[in-house]
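What follows is a short report on a single structure.
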There are 2 protein chains.
Amino acid sequence: MNIINILLVDDHHLVLDGMRALLSQEPDFQVVGEARNGREAVEKATALRPHIVIMDISMPEMDGIEATQLICGNKSLKGTNVMVLSMYSNREFINELMEAGAKGYLLKNTGRAELREAIHTVSAGQRYLCKPVQETMDAPVKSRSRKEGEGFVPITKREKEIIRLLLAEKNSHEIADALHLSPATVETHRKNILHKLDMHSTAGLVRYAMERGWNLEG
Amino acid sequence: MNIINILLVDDHHLVLDGMRALLSQEPDFQVVGEARNGREAVEKATALRPHIVIMDISMPEMDGIEATQLICGNKSLKGTNVMVLSMYSNREFINELMEAGAKGYLLKNTGRAELREAIHTVSAGQRYLCKPVQETMDAPVKSRSRKEGEGFVPITKREKEIIRLLLAEKNSHEIADALHLSPATVETHRKNILHKLDMHSTAGLVRYAMERGWNLEG
DNA sequence: TAAAAAATACCCGGATTCTGGTATTTCACG
DNA sequence: CGTGAAATACCAGAATCCGGGTATTTTTTA
């Protein structure tokens, strides 16, 4: 039985330790590295060339979506497959990550048996989605205004700053003060963000950011 | 050395498995039970009388704050101490949980050495806060309109339903339709929620709910 | 260095939320 | 079986946000 080399990516130290302890109980798994944000994940993936990257989504600095894009887009990392391990099963997440090149998508509340199976499947380059994720993908789509394949919309640095202040319950005026801008500018940014993400309210924005872990400096 | 009996509470199966694997490496720790939401946590704490409950906050059905209140308020559970294990170090969380009776507060990105120490300290009935949490508590308070000791405000069932629909980017009118109510009623509820939580915008509400894990049925 | 992207700023009008009331009905708990 | 909390519903004004634009300056990057 071949040993599978694993890179663990999660911003929570205890989760990393726990996963490592869990995986070390399996003789055919070998955790070769850990990363605590997207940037580190890309670096370590390049350096260590693991068979599989187990990737969290919400992380500071660079989230798991961007990191997945970079890793899967790197042709010299052909033998490295990405499996997402997330709390959320939103359609947006699933779509974006599949388009980014992830081969697997597990929820954090699946059991260890399924984790085992998923790691084997994905590290062999095959697809593995846990049941709730499959169901989400199979469910009828309502309207889908953002067209297929056009999934990736980069949010700029300034836009992220503004979102972070929105999370702190600030209105356009207060954000403008905090960033030394005109309120008009802040509203333009907000408008642009809403449009990019195909959303229509601050509530959606806050949710979007929270799901990606942007609440603590990112 | 006495064995410390532990009840693990977290809604993510893999986190439970990971923590269990991690703790099983320590000879003086014994995981005697697991719970996946607040209600279960209270039940198992009562039945198993562990020395320590390691409690996540965001959970469906009943969150960790309520569960902590119930466990610490139960006089027959004098020997059971609660240690919170959370992603967030908001002042509100810390205050509420300390008032609820938690003895410890660890962030998920602390290391295993600190976890060990914290478990020993808290299971002995002493207080343990990790450094970032201490810093948050020590930091000067801005205004603090909700007075001390008046921390707990119960959010009703109906109010939670409305918050959940706000997370789905619905406005008052759409929420009213979904619940077969008058828009006026929905706005009254929103007003009451904002007042209860001492907030002033939907953004804060969404953040509040996301931090508690109310996004997936709760 | 030229073109593209990001950041800045403004106008306008309609929609929605927020604030501060009041008031009636339903339901649960002691 | 009564009292209080929860849920329902309305009014009105002020503040804020959302959608649709346009336009200039700065920064990146190809």
Side-chain angles (χ1 to χ4, degrees), chain A residues 62 66 69-70 73 143 145-146 150-209 214 218, chain B residues 62 66 69-70 73 143 145-146 150-209 214 218:
Chain A
M62 181 194 290
E66 248 183 289
Q69 283 166 342
L70 291 173
S143 59
S145 53
R146 248 201 291 163
E150 190 224 305
F152 181 57
V153 202
I155 300 295
T156 70
K157 198 178 287 186
R158 200 47 149 179
E159 288 167 347
K160 281 193 188 183
E161 290 186 81
I162 284 166
I163 292 179
R164 212 165 312 120
L165 290 164
L166 282 175
L167 295 193
E169 266 201 298
K170 302 205 182 302
N171 62 29
S172 293
H173 179 63
E174 294 166 322
I175 295 174
D177 284 352
L179 301 179
H180 307 297
L181 292 176
S182 151
T185 303
V186 175
E187 301 210 331
T188 299
H189 282 305
R190 291 180 67 163
K191 214 179 323 183
N192 291 339
I193 300 168
L194 285 178
H195 185 251
K196 278 186 187 179
L197 300 178
D198 189 29
M199 290 183 171
H200 306 277
S201 74
T202 305
L205 233 53
V206 171
R207 180 182 172 172
Y208 178 92
W214 290 2
Chain B
M62 181 194 291
E66 247 184 289
Q69 283 165 343
L70 291 173
S143 60
S145 53
R146 247 202 292 162
E150 190 226 304
F152 181 56
V153 204
I155 299 296
T156 69
K157 198 177 286 187
R158 201 47 149 179
E159 287 167 348
K160 283 195 188 182
E161 290 186 83
I162 284 167
I163 292 179
R164 210 163 313 118
L165 290 164
L166 281 175
L167 295 192
E169 266 200 298
K170 302 206 182 299
N171 62 27
S172 293
H173 178 64
E174 293 166 322
I175 295 175
D177 285 352
L179 300 179
H180 307 296
L181 293 175
S182 152
T185 303
V186 175
E187 301 208 331
T188 300
H189 282 305
R190 291 180 67 163
K191 210 184 320 184
N192 292 338
I193 300 168
L194 286 177
H195 185 251
K196 278 186 188 180
L197 300 178
D198 189 28
M199 291 183 168
H200 307 276
S201 73
T202 305
L205 233 54
V206 171
R207 181 184 169 170
Y208 178 93
W214 291 2

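A, B, ... follow the sequence lines: proteins, then strands. Residue 1 opens every chain.
- Side-chain atoms of B/Lys191 lie closest to C/dG20 of the nucleotides D/dC17, C/dG20, C/dT8.
- The separation between B/Glu174 atom CD and C/dA15 atom P is 14 Å, rounded to whole Å.
- Contact between the side-chain N/O atoms of A/Ser201 and the OP1/OP2 oxygens of C/dT16 is not found at any separation under 4.0 Å.
- Pairing each heavy atom of B/Pro183 with each of B/His173, the nearest pair is CG-ND1, 4.1 Å.
- Comparing A/Leu166 and A/His195 by the nucleotide of DNA chain D whose heavy atom lies nearest to each, the residue mapping closer to the 5' end is A/Leu166.
- The two residues A/Pro154 and A/Lys196 make their nearest non-hydrogen contact at O-NZ, 2.9 Å.
- Checked against C/dT17, D/dG19, C/dT8, the side chain of A/Leu181 finds its nearest nucleotide in C/dT8.
- Across the protein-nucleic acid pair, B/Arg190 atom CZ and D/dA9 atom C1' stand 16 Å apart, rounded to whole Å.
- Distance A/His173 NE2 to C/dC18 P: 18 Å, rounded to the nearest Å.
- Between B/Thr185 and the phosphate of D/dA9, there is a side-chain N or O to OP1/OP2 separation shorter than 4.0 Å.
- Under a 4.0 Å N-O distance rule, the pair B/Arg158/B/Glu161 qualifies as a salt bridge.
- For the residue pair A/Glu169 and B/His200, the shortest heavy atom distance occurs at OE2-N, 2.9 Å.
- If you measure from atom CD of B/Glu187 to atom C1' of C/dC18, you get 9 Å, rounded to the nearest angstrom.
- Across all strands shown, A/Thr188 has heavy atoms under 4.0 Å from base atoms, whether or not it also approaches the sugar-phosphate.
- In this structure, A/Ile175 places its CD1 atom 15 Å from C1' of C/dT8, rounding to the nearest Å.
- In the set D/dC17, C/dT8, C/dC18, the nucleotide with an atom closest to the side chain of A/Thr202 is D/dC17.
- Comparing B/Ser182 and B/Lys157 along DNA chain D, the residue whose closest nucleotide (by nearest heavy atom) sits nearer the 5' end is B/Lys157.
- If you take NZ of B/Lys196 and P of D/dA5, they are 11 Å apart, rounded to a whole angstrom.
- Nearest heavy-atom pair across B/Ser182 and B/Ala176 is C-CB, 3.8 Å.
- Among the atoms of the strands shown, only primed sugar atoms or phosphate atoms (P, OP1, OP2) are found under 4.0 Å from some heavy atom of A/Thr156.
- Rounded to whole Å, the distance from CG on A/Asp177 to P on C/dA9 is 12 Å.
- Here the nucleotide nearest the side chain of A/His189, chosen from C/dA9, D/dA7, C/dT8, is C/dT8.
- With C/dC10, C/dT19, D/dT8 as the choices, the nucleotide that has an atom nearest any side-chain atom of B/Arg158 turns out to be D/dT8.
- When the C1' atom of C/dT17 is taken as reference, atom CG of A/Asn171 falls 12 Å away, rounded to whole Å.
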